[in-house]
Amino acid sequence: MAVRLSYAPCPSGLTALRTQRRPPCCSLAMNGSKASGSDCKFPVDFCRTLTSPAVSSPENALLEMNKAISELESNPPSQNSGIIRLEVPIQQEIQAIGWLHSQCLLSSCYFSSRNQRSSNGGSDLFYVNNEEFESEKSIVSIAGIGSAVFFQQSSPFAFEDWRCIKRFLSKDCPFIRAYGAIRFDSMKDMSFEWRSFGSYYFVIPQVELDELQGSSMLATNIAWDNTLRWPWGKAIDSLHKTMSKISSNVTKFQGKVSRTNVLSKNHMPDKASWNVAVRKALKMINEGSKGSGILKVVLARSSRIVTDADIDPIALLASLQGEGENAYQFFIRPHNSPAFIGNTPEQLFHRKNLTVFTEAIAGTRARGKTVGEDLQIEHELLLSSKDQLEFSIVRESITRKMELICDEVMIDPKKAILKLPRVQHLYARMSGQLRSADDEFLVLSSFHPSPAVCGYPTEEAKNVIATTEMFDRGMYAGPVGWFGGRESEFAVGIRSALIEKGLGALIYAGAGIVKGAEPSSEWEELELKASQFMKIIDHDRPLSNYVKSDLLDTVNWSRLDIIRAKE
């Protein structure tokens, strides 16, 4: 059983967001039981986290959790609406992705922030906890099963949708979070493979395994609302059904993808059509001063891979972890749906209280096979006028958006090299102070789509994409992440794929087209970005043969693998 909330459509746009709101929700529903005239402006009546004593194993955690649920059931809350999180700490670190792989095929999700495994927590600007967070352990990754509440609609994600999600979240319960994704372009017709996701999809999992640094935690979330005809009793019954399917038999998960043979690989567009599309975009860019004003447009490719055996999306994602130390990893699968997975290096934003962090990434080169070759490629990237133009467009666009929403905007460094296992990029990071808590929605709405995945100016670039690309991006290049009471974090859903049993994989990749771009070079960039999936599915040469291990040791994120560069 799941919880669903649905709302009326609303106009979008940054200017409208400051002055317009959807009318009070005209309909909300939990499992199809609807109520009219409900308003989601206010938090639920009751929000609480209850933590049991720590146990030694997943088996004991499951026993302790069932005991806690029974005790809560015998003394139910009296409030009309609420959400309760039950936690059982485990005195060993359990792989969240391995736990997820051991569970039955319910709706499920997985999210892992980058660099959480580092010993020093990373740079002060990014992930070092402030005083309010020092007493809390950081979540390395989270795997969720079932849904205490899920939020989904076909209309574009709007302020009232964000508010309805936030009513279930609280600063006092920071680990109650809603995980999900938003379409790249909610106005574009939705293809069949993306229909189960809607325009957006967010879920507060019913059961979670939170992987911490050196330990773990089994958790359950119970949500109810009498107004929506989803009372406490139904919520508890639904949780019991999910708990009966939870396995505690979790072994070390190697994440190896079963050997498959690729039967077919079809690109949309193919190389000839890609060349035509890039030349068309370049013509518009070169004629920008005559009317269009387009400086950059990001064109993408969808590659359908059909294999002789089904691809396990969780195993595929786990196989990417060798390349994912510096990347966000995500897995989102609504009930009876394909799985959207990704290994993205790009942050959209990270909010802690009123502090917001973001970054600019643009320009791509491969890594070298030796230290010397890698430094030479880095030097070429820094001197490339084409890549410098692309990076400057992204950085300046994000800076202007931050200045509209934030005070005290900082950019440090002005330009750097971000090194990842297969690729390296031009890079800068930024931070600022929001003026109010509601500005989180403005951050999300104004930062997406970024010039890194759309182009600049935004609306003109979106129009070029809509009229040029003959496939539905879906959640590819859209916001992927989570909302919480104290903090929220979103990545950009690139380096991603849609996996479905019987249909193979759809692998997505894009390239930024600016003045000076060449169609053949941009095609090679698509191939490079898609290679992290293809080398696993195709069982091609391992990563250690692609980039030498001694070179990888020199670019560990915990040692700040960004190389500062002068303008």
Side-chain angles (χ1 to χ4, degrees), residues 183-191 193-194 265-304 346 360-365 381 384-398 423 425-426 448-478 492-496 498 506-531:
R183 281 175 63 82
F184 171 79
D185 185 355
S186 297
M187 304 306 294
K188 186 178 177 67
D189 291 340
M190 197 178 299
S191 59
E193 67 265 21
W194 287 106
K265 178 168 63 174
N266 297 300
H267 301 304
M268 185 178 291
D270 59 20
K271 191 171 184 179
S273 299
W274 171 262
N275 292 343
V276 171
V278 172
R279 292 191 186 101
K280 177 182 175 182
L282 284 171
K283 182 179 180 181
M284 297 180 69
I285 291 168
N286 292 331
E287 296 176 350
S289 59
K290 300 178 182 180
S292 71
I294 293 179
L295 298 178
K296 174 184 177 179
V297 62
V298 179
L299 298 179
R301 184 186 76 183
S302 170
S303 302
R304 182 175 290 278
E346 189 162 337
I361 298 178
T364 303
R365 290 288 190 280
L381 178 58
S384 166
S385 57
K386 179 262 181 186
D387 290 291
Q388 175 58 42
L389 173 60
E390 183 180 352
F391 173 71
S392 296
I393 291 171
V394 172
R395 184 186 61 193
E396 299 311 314
S397 173
I398 295 174
V423 295
H425 304 283
L426 295 174
H448 172 74
S450 76
V453 295
C454 179
Y456 186 82
T458 302
E459 290 306 315
E460 287 82 351
K462 282 181 69 175
N463 289 336
V464 173
I465 292 170
T467 57
T468 302
E469 292 181 358
M470 297 295 105
F471 66 95
D472 177 17
R473 288 191 179 191
M475 267 66 179
Y476 163 71
V492 182
I494 56 174
R495 318 290 160 87
S496 54
L498 195 66
L506 285 170
I507 300 173
Y508 301 92
I513 311 302
V514 297
K515 188 174 182 178
E518 297 180 355
S520 59
S521 297
E522 304 306 322
W523 183 266
E524 291 174 4
E525 182 173 324
L526 298 179
E527 294 284 274
L528 179 62
K529 289 175 177 177
S531 67

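Throughout, residue positions are numbered sequentially from 1 according to the sequence presented. Owing to the predicted nature of the structure, the values given are computational and were not obtained by experimental measurement.
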Counting neighbours of CE on Met268 that are heavy atoms of other residues, nucleotides or ligands and sit closer than 6.0 Å, is the number greater than 12?
no

Return the CD1 to OG distance between Ile393 and Ser450, rounded to the nearest 0.5 Å.
12.5 Å

Which atom pairs, one a donor and one an acceptor, fall under 3.5 Å between side chains of residues 513-524 and the rest of the protein, sequence neighbours left out?
unit_1	atom_1	unit_2	atom_2	d
Glu522	OE2	Lys386	NZ	3.3

Single hit among Arg473, Lys462, Arg183 for side chain to side chain contact (heavy atoms under 4.5 Å, CB included) with Lys188:
Arg183

So which atom in Lys529 and which in Ala509 form the shortest heavy-atom distance, rounded to 0.1 Å?
CB-CB, 4.2 Å

Closest non-hydrogen atom pair, Gly512 against Glu390
CA-OE2, 3.6 Å

Which heavy atom in Phe391 sits nearest to a heavy atom in Ala360, and how many Å separate them?
CE1-O, 3.8 Å

Quick one: salt bridge (charged side-chain N to carboxylate O under 4.0 Å, His left out) partners of Lys265, sequence neighbours excluded?
none

For the side chain of Ser531 and the backbone of Leu528, is there at least one donor-acceptor N/O pair under 3.5 Å apart?
yes

Results of salt bridge (charged side-chain N to carboxylate O under 4.0 Å, His left out) for Glu527 - residues two or more places apart only
Arg301

Quick check: are there more than 12 heavy atoms from other residues, nucleotides or ligands sitting under 6.0 Å from CG of Asp270?
yes

Among residues at least two apart in sequence or on other chains, which ones pass ring pair (Phe, Tyr, Trp, His ring centres under 6.0 Å) with Phe184?
His448

Looking at CG of Leu426 and CD1 of Ile361, how far apart are the two atoms once the value is rounded to the nearest 0.5 Å?
10.0 Å

Does a side-chain heavy-atom distance below 4.5 Å link Lys296 with Leu389?
no

Heavy-atom closest contact (Ala461 atom, Tyr456 atom, distance):
CB-N, 3.9 Å

With side chains defined as the heavy atoms from C-beta onward, is the minimum distance between Asp387 and Arg365 less than 4.5 Å?
yes

What residues form a side chain to side chain contact (heavy atoms under 4.5 Å, CB included) with Arg304, not counting sequence neighbours?
Val306, Leu503, Leu506

What residues form a side chain to side chain contact (heavy atoms under 4.5 Å, CB included) with Thr468, not counting sequence neighbours?
Ala277, Lys280, Leu299, Val464

Look at the side chain of His425 and the backbone N and O of Ala362, then say whether any donor-acceptor pair between them is shorter than 3.5 Å.
no

Correct closest heavy-atom pair for Cys454 and Pro449 would be CB-CB, 3.7 Å

Spatial distance of atom CZ (Phe471) from atom CD (Glu193) [nearest 0.5 Å]:
10.0 Å

So do Val297 and Ile465 actually touch side chain to side chain, heavy atoms under 4.5 Å?
yes

Do Leu498 and Tyr476 have side chains that approach each other closer than 4.5 Å (heavy atoms only, starting at C-beta)?
no

Heavy-atom distance under 4.5 Å between the side chains of Asp185 and Glu469, does that happen here?
no

So do the side chains of Asp189 and Asp472 get within less than 4.5 Å of each other, counting heavy atoms only?
no

